[in-house]
Amino acid sequence: MLECIEVTGECPAYTPGSRVIIDTALIYRNDEWPDSELEGKSIVQDTDPGHANCYPLLLNFAPFYRSLSAGISPRELGLSTTNSEGYFTCHMCDVQHYYDRGYETHGNVKFKIKLEPVETNYNDRWDDYLKRHKLPPYTE
Amino acid sequence: MSTLTKSRLNGKFRVIAEIVAVEGQCPIYSVGDEVVIENDTIDMRKTQGICLPFLAGIMHKYQSYQFRGGEGPTLKCPMIGPPRGYGNVFYRYRTEPLNSQMGT
């Protein structure tokens with residue numbers, strides 16, 4: 001789970017507290033942690049402002065998501081100096097950096113990375129599907 | 001290189017991502033290092049090293065610079081700088097026109 005902790009300047013997609021939940025390969029945008037009933041599903045509607053994910057940010061995160069999904073600690077990946085939580089930033093510089101050089105742009109976003117253990121993921125759901133339909137390797 | 005590949009590589013500019021500053025520690029890059037991209041490929045003779053997370057960061061912009069040219073603002077790599085993390089680098093795109101295009 002990526003939780004936005006700091007925005008300098010204006011980011012069109014994220015505000016402090018925004019959450020991006022990555023379940024192995026599925027990406028959810030969730031500004032509030034869902035109830036148990038809604039767990040794993042986005043409660044943000046298309047019509048809500050700020051429901052979007054930022055594609056460059058996801059591309060920046062791409063080298064790390066699979067290792068983190070496998071439970072490797074952020075410290076091992078160099079994303080943090082502590083074991084429990086990692087940090088990650090988008091590729092825009094802090095807005096002050098641009099002001100100092102005489103021009104403006106939208107700002108930088110910093111995320112905290114939290115690993116939350118899950119009991120099942122989409123691979124398990126796919127496995128259930130195969131069992132239910134008696135598809136290989138569950139043919140009888 | 002096959003004819004098909006040659007005909008696809010028709011970038012008009014050489015894209016150079018130059019490291020302009022290092023915040024904290026970076027084990028790979030120092031100030032002045034360059035990653036040179038030409039026709040969708042990295043020119044290893046002029047590139048000091050490839051950091052894959054850095055590469056992921058420049059991946060989505062090099063293509064447009066390759067055709068459009070120009071200079072970009074200073075950007076930074078996705079690693080977090082001190083005090084939370086170890087360090088990150090700041091880089092900037094610049095382009096040089098390619099004299100001869102491959103496959104033309």
Side-chain angles (χ1 to χ4, degrees), chain A residues 2-9 11 14 20 53-68 72-114, chain B residues 15-31 33-35 37 40 42 47 49-68 70-95:
Chain A
L2 301 177
E3 182 180 358
C4 177
I5 54 170
E6 185 185 332
V7 178
T8 63
C11 175
Y14 300 112
V20 181
N53 269 314
C54 172
Y55 209 147
L57 175 91
L58 296 176
L59 287 173
N60 278 338
F61 189 66
F64 306 109
Y65 90 93
R66 203 167 276 280
S67 315
L68 290 167
I72 297 174
S73 74
R75 187 192 166 93
E76 277 188 70
L77 299 173
L79 292 169
S80 162
T81 50
T82 60
N83 260 331
S84 54
E85 52 201 20
Y87 294 93
F88 183 76
T89 174
C90 84
H91 69 298
M92 303 302 290
C93 288
D94 292 337
V95 76
Q96 190 63 40
H97 177 89
Y98 294 103
Y99 283 150
D100 292 346
R101 284 154 184 78
Y103 54 99
E104 298 178 14
T105 184
H106 69 264
N108 170 262
V109 185
K110 289 189 176 67
F111 285 90
K112 184 190 283 184
I113 302 168
K114 291 180 182 170
Chain B
V15 184
I16 300 161
E18 184 187 0
I19 312 298
V20 293
V22 179
E23 184 185 26
Q25 299 171 336
C26 175
I28 298 160
Y29 294 123
S30 52
V31 177
D33 285 356
E34 290 177 347
V35 176
I37 301 171
D40 281 0
I42 295 177
T47 300
I50 299 175
C51 167
L52 287 180
F54 175 79
L55 197 62
I58 67 174
M59 191 79 75
H60 54 97
K61 282 214 172 182
Y62 86 87
Q63 189 71 262
S64 62
Y65 283 110
Q66 193 168 261
F67 290 95
R68 196 187 61 201
E71 291 193 1
T74 308
L75 302 171
K76 64 180 183 180
C77 87
M79 309 304 281
I80 199 89
R84 295 191 180 103
Y86 296 103
N88 58 6
V89 301
F90 293 75
Y91 62 96
R92 189 161 48 210
Y93 289 105
R94 61 186 164 85
T95 53

Whatever's closer than 4.5 Å to a heavy atom in chain A on B:Pro82 counts as neither
* To do: Can you establish whether the number of heavy atoms outside B:Gln63 located under 6.0 Å from its atom CD is more than 12?
  => yes
Validation row: A:Phe64, B:Pro53 side chains within 4.5 angstrom (heavy atoms):
yes
Rounded to the nearest 0.5 angstrom, the CZ-CG distance for A:Phe88 and B:Asn88 is 11.0 Å
Minimal heavy-atom distance between A:Pro63 and B:Leu52, with the atoms involved, is CG-O, 4.4 Å
Here the gap from A:Leu58 atom CG to B:His60 atom NE2, rounded to the nearest 0.5 Å, amounts to 10.0 Å
Whatever's closer than 4.5 Å to a heavy atom in chain A on B:Met79 counts as both
Rounded to the nearest 0.5 Å, the CG atom of A:Leu79 sits from the CD1 atom of B:Ile80 at a distance of 9.0 Å
Cationic N near anionic O, under 4.0 Å, A:Glu85 to B:Arg84: no
Residue from B:Gly81, B:Pro78, B:Gly85 scoring the most non-hydrogen pairs under 4.5 Å with chain A is B:Pro78
In terms of heavy-atom pairs under 4.5 Å with chain B, the winner among A:Thr81, A:Leu59, A:Leu57 is A:Thr81
Hey, are the side chains of B:Ile58 and A:His91 touching, using non-hydrogen atoms and a 4.5 Å cut-off?
no
